[in-house]
**Student:** 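Right, I'll just put the structure down here and ask away after.
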Number of protein chains: 2
Amino acid sequence: MPPISPPKIKDVARIAGVSTATVSRTLSKPETVAETTRKAVLAAAEQTGYRVNLAARNLRNQRTGAVMVLVPNLGNPFFSQILAGIEQTLAQNQLSVVMVDTQQPNPRPEHVFDYLHHSRADGIICLDGTLPIEALPNGASARRRPLVFACEWQYNDAHPAVRVDNAQGAKLAIDHLVGLGHRDIGYINGPAGNVLSTARYGGTVDALRQHQLELRPQWVFDGDFSLDAGIQAARSWLALTHRPTALFCANDETAIGLISELHRNGIDVPGQVSVVGFDDIDIARCFIPALTTIRQPRQALGGAAAQLLLDTIAQPVGFMGGTTEVLPVELIQRHSSVAPV
Amino acid sequence: MPPISPPKIKDVARIAGVSTATVSRTLSKPETVAETTRKAVLAAAEQTGYRVNLAARNLRNQRTGAVMVLVPNLGNPFFSQILAGIEQTLAQNQLSVVMVDTQQPNPRPEHVFDYLHHSRADGIICLDGTLPIEALPNGASARRRPLVFACEWQYNDAHPAVRVDNAQGAKLAIDHLVGLGHRDIGYINGPAGNVLSTARYGGTVDALRQHQLELRPQWVFDGDFSLDAGIQAARSWLALTHRPTALFCANDETAIGLISELHRNGIDVPGQVSVVGFDDIDIARCFIPALTTIRQPRQALGGAAAQLLLDTIAQPVGFMGGTTEVLPVELIQRHSSVAPV
DNA sequence: ACCCTAGATGTAATCGATTACAAGGCTAAA
DNA sequence: TTTAGCCTTGTAATCGATTACATCTAGGGT
């Protein structure tokens, strides 16, 4: 069978016996068209199975109907709920979601510019705080599309952002551990240079200081938010002569890797060391021991970012304020943290 | 500052002192243009920061440069690796990825048709085996875009698909448990009507039969791939008078929910009951006990689906064969399964 | 009966790129 | 010198929808 070309607005117009302008009006502003005409057009549209050609509409309307989401690592399950929140909010506004993994194996720097280009999307949600978005060629920034950060962000940056209160999360965790009686507390960090790492580390140091405690350098373990980072930290902890009695991890995956490796080496959590995570990923409540952690509302965060982008897009041109929306975090107390022996 | 309109091909042409046709040719087929001209055009393009307008190009070229991925639940972390595989392969082919969650709160049936519409995407990857893609209005199927299924699929369906050998996975799990000495084996199913549930259930029954064993109806627990399904199954198992000594779960999340709830009720895994999962999600290796499971290559599966779609798109029009690519699964033996007491 | 207005519809320009075809310039063979 | 033929470039149609503006019709007011 030959490939039948899809019906165009012209076909509908011909069948309905009107002009293309009338068809277009019927579909977008039905109230401006006479009752009889409207019925005829809708019938013709129905009969032909007409659907508007988006490329043509977008070209004419100078928009794309799409939002680009820049994800530092699509394969990381942490992002799935955020993406779901973004998608849901945008779909309700007839916008489609284009996902891009910013950690491509072939990182051409001009890619970044392509992402932000006006003909690609009506706006951008960036989950990657390390993307060099300021280094754009000649005057490109003036014709950039609205961009909001979600989750991560950039310092000294004028872009709107939605994030959780990471320092407050760290404080909740530390207060909790100190409240249980811990005084020797270690910290497993996220990737160096990551804003979340920095904020959570800073919050940890500050919170400890408020309790007249100090974060000893040898009790700070490098990490990268992965399970393996937790495993590595466990080995470092085991090698210490003077061990902290509690460990706060920059995220749940690290906490889980940590606990599993400690368990493999005969160390019981929380019996011999308490552990607190960050994120409250789904599995945290079913881990053994159930993980004490700082919950961040991931889906809501995605939804808020999408809404903020929609608001920014709706603003008069040129406006690009730096609203930062900070969502609250919550301590979820479970079984991986108890009073020290 | 006023919004500067972005440079168009006309502007580049004017600055380079050539026609728009020459600019277009320089950019897409440089070898057809004289050396001198090429340099002038490239310089002008560089100077203005010209980027092609994709809506215009797509309209003219009758393509969209995008692939639509239909995900049954974007928030489910299981899909993240598959999505990463898809994105990576497509990005290498200059295609962008539009993600759609098929479980919208407002499920208009004509949405399905919109997804498949030619002006939305050059092709579709569907991870949702339950989408009613065959129920399309008048002749729509003739002008549909290539579609491949990944992970899930539809029975009696002519679409290409990439999946793992689910029945073989079930067989590996059952053979493993029987090899350990188990004879009383239960199964926790996925959602009713889901092709994966059906295939894994069927594989389980067949494998048991090969060992002259039977899957007792009261040892089959309903589920839906969630942690809570595992928790529910644990309660059902606890309520049994005659309990199976091993449980095979339709996926890892269910297995983790199951083990956590058993643990909460003082039942040790694998001491009192062995558990095998399916998927080998990241955390499986760090769960306590480390989960014995059936690994499916999720990223590779996504990549293969994307490649299969690319191949289908490249085929002469009209061709839409039903190649089904089946990837192998692998038993990953860890610590949640041991010989019965 | 006549004019004016509001409402309905059609005409044609427009969005920005691509490309079939035409046309010009130049080389080389006759 | 002429002409065929190649290489390069320009002209203008095209993709499909939207919409400013022009046009036409019907009805109301005087």
Side-chain angles (χ1 to χ4, degrees), chain A residues 3-42 44-45 48-66 94 114 117-122 143, chain B residues 3-42 44-45 48-66 94 114 117-122 143:
Chain A
I4 306 151
S5 101
K8 311 170 198 336
I9 199 169
K10 232 179 185 172
D11 302 316
V12 177
R14 185 166 28 75
I15 291 174
V18 298
S19 75
T20 62
T22 302
V23 175
S24 178
R25 273 189 292 255
T26 307
L27 267 26
S28 56
K29 299 191 274 283
E31 70 282 3
T32 68
V33 155
E35 171 82 11
T36 336
T37 319
R38 194 187 318 151
K39 277 188 185 152
V41 170
L42 292 178
T48 54
Y50 172 77
R51 300 279 140 153
V52 65
N53 182 311
L54 294 175
R57 167 184 285 177
N58 291 340
L59 173 58
R60 172 66 215 216
N61 289 353
Q62 302 282 59
R63 50 195 298 290
T64 67
Q94 284 70 252
D114 282 341
H117 187 251
H118 67 100
S119 82
R120 281 228 178 249
D122 298 333
R143 46 185 119 93
Chain B
I4 307 152
S5 100
K8 311 170 199 336
I9 199 169
K10 233 179 185 172
D11 301 317
V12 178
R14 186 168 25 76
I15 291 173
V18 298
S19 75
T20 61
T22 302
V23 176
S24 178
R25 273 189 292 255
T26 307
L27 267 24
S28 56
K29 300 192 274 284
E31 72 281 2
T32 67
V33 155
E35 171 83 10
T36 337
T37 319
R38 194 187 318 152
K39 277 188 183 152
V41 170
L42 292 178
T48 54
Y50 171 77
R51 300 281 142 153
V52 66
N53 181 311
L54 294 176
R57 167 183 284 177
N58 291 339
L59 173 59
R60 173 64 217 217
N61 288 352
Q62 303 280 62
R63 50 194 299 287
T64 67
Q94 282 72 249
D114 282 342
H117 187 251
H118 67 99
S119 81
R120 280 226 178 251
D122 297 333
R143 45 186 120 91

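Labels below follow one simple rule: chain letters A, B, ... track the order of the sequence lines, proteins then strands, and each chain is numbered from 1. Hydrogens, waters and symmetry mates are skipped; everything else that's a heavy atom, side chains included, is used.
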**Student:** Evaluate the side-chain proximity of A:Arg57 to A:Arg60: yes if any heavy-atom separation is below 4.5 Å, no if none is.
**Tutor:**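 Of all side-chain heavy-atom pairs linking A:Arg57 with A:Arg60, none is under 4.5 Å.
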
**Student:** Any side-chain donor paired with an acceptor under 3.5 Å for A:Asp122 and A:Thr64?
**Tutor:** yes

**Student:** Mind checking the CZ-CG spacing from B:Arg51 to B:Leu27? Nearest 0.5 Å is all I need.
**Tutor:**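 The CZ atom of B:Arg51 sits 10.0 Å away from the CG atom of B:Leu27.
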
**Student:** Going by number, which of residues 10-19 of chain B have a non-hydrogen atom under 4.0 Å from DNA chain C?
**Tutor:** none

**Student:** Toward the 5' end of DNA chain D, which comes first, B:Arg38 or B:Arg60, by nearest nucleotide?
**Tutor:**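 Its nucleotide being nearer the 5' end, the pick is B:Arg38.
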
**Student:** What is the separation between atom CD on A:Glu31 and atom P on C:dA8, rounded to the nearest whole Å?
**Tutor:** 10 Å

**Student:** Regarding A:Asn61, tell me which of base, sugar-phosphate or nothing describes its non-hydrogen contacts under 4.0 Å with the strands shown.
**Tutor:**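 Contact class for A:Asn61: sugar-phosphate only.
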
**Student:** Measure from the side-chain N and O atoms of A:Asn58 to the backbone N and O of A:Leu54, and report whether any donor-acceptor pair falls under 3.5 Å.
**Tutor:**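 It does hold such a pair.
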
**Student:** B:Lys10: what forms a salt bridge (charged side-chain N to carboxylate O under 4.0 Å, His left out) with it, not counting sequence neighbours?
**Tutor:** none

**Student:** What I'd like to find out is whether the side chain of A:Val18 reaches to under 4.5 Å of the side chain of A:Val23, using heavy atoms alone.
**Tutor:** yes

**Student:** Are the side chains of A:Lys39 and A:Leu42 in contact, using a 4.5 Å heavy-atom criterion?
**Tutor:** no

**Student:** On DNA chain C, nearest-nucleotide positions of A:Val33 versus B:Leu27: which is more 5'?
**Tutor:** A:Val33

**Student:** Measuring from B:Arg14:CZ to B:Ser19:OG, what's the distance to the nearest 0.5 Å?
**Tutor:** 14.0 Å

**Student:** Is there a donor-acceptor pair under 3.5 Å between the side chain of B:Ser28 and the backbone N or O of B:Ser24?
**Tutor:**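 Checking the backbone N and O of B:Ser24 against the side chain of B:Ser28, a donor-acceptor pair under 3.5 Å is found.
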
**Student:** Classify B:Ser24 by what it touches in the nucleic acid, base, sugar-phosphate, or nothing, heavy-atom distance under 4.0 Å.
**Tutor:** base

**Student:** Roughly how many Å is it from NZ in A:Lys29 to P in C:dA8, rounded to a whole number?
**Tutor:**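 These atoms are roughly 14 Å apart.
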
**Student:** Scan A:Ala34 against the nucleic acid and name what it touches under 4.0 Å (heavy atoms): base, sugar-phosphate only, or nothing.
**Tutor:**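 Since only primed, P, OP1 and OP2 atoms lie under 4.0 Å of A:Ala34, the category is sugar-phosphate.
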
**Student:** When you list every nucleotide of DNA chain D with an atom under 4.0 Å from a heavy atom of chain B, which one comes first 5' to 3', and which comes last?
**Tutor:**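 Terminal contacting nucleotides, 5' to 3': D:dT8 to D:dG16.
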
**Student:** Counting any heavy atom closer than 4.0 Å, what does B:Arg57 reach on the DNA or RNA strands: base, sugar-phosphate only, or nothing?
**Tutor:**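 Sugar-phosphate, no base atom in range.
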
**Student:** How is A:Thr37 classified with respect to the nucleic acid when contacts are heavy atoms under 4.0 Å: base, sugar-phosphate, or nothing?
**Tutor:**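 A:Thr37: backbone/sugar contact only, no base atoms under 4.0 Å.
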
**Student:** Which is more 5' along DNA chain C, the nucleotide nearest B:Ala21 or the one nearest B:Ala55? Just name the residue.
**Tutor:**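 It is B:Ala55, whose closest nucleotide lies nearer the 5' terminus.
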
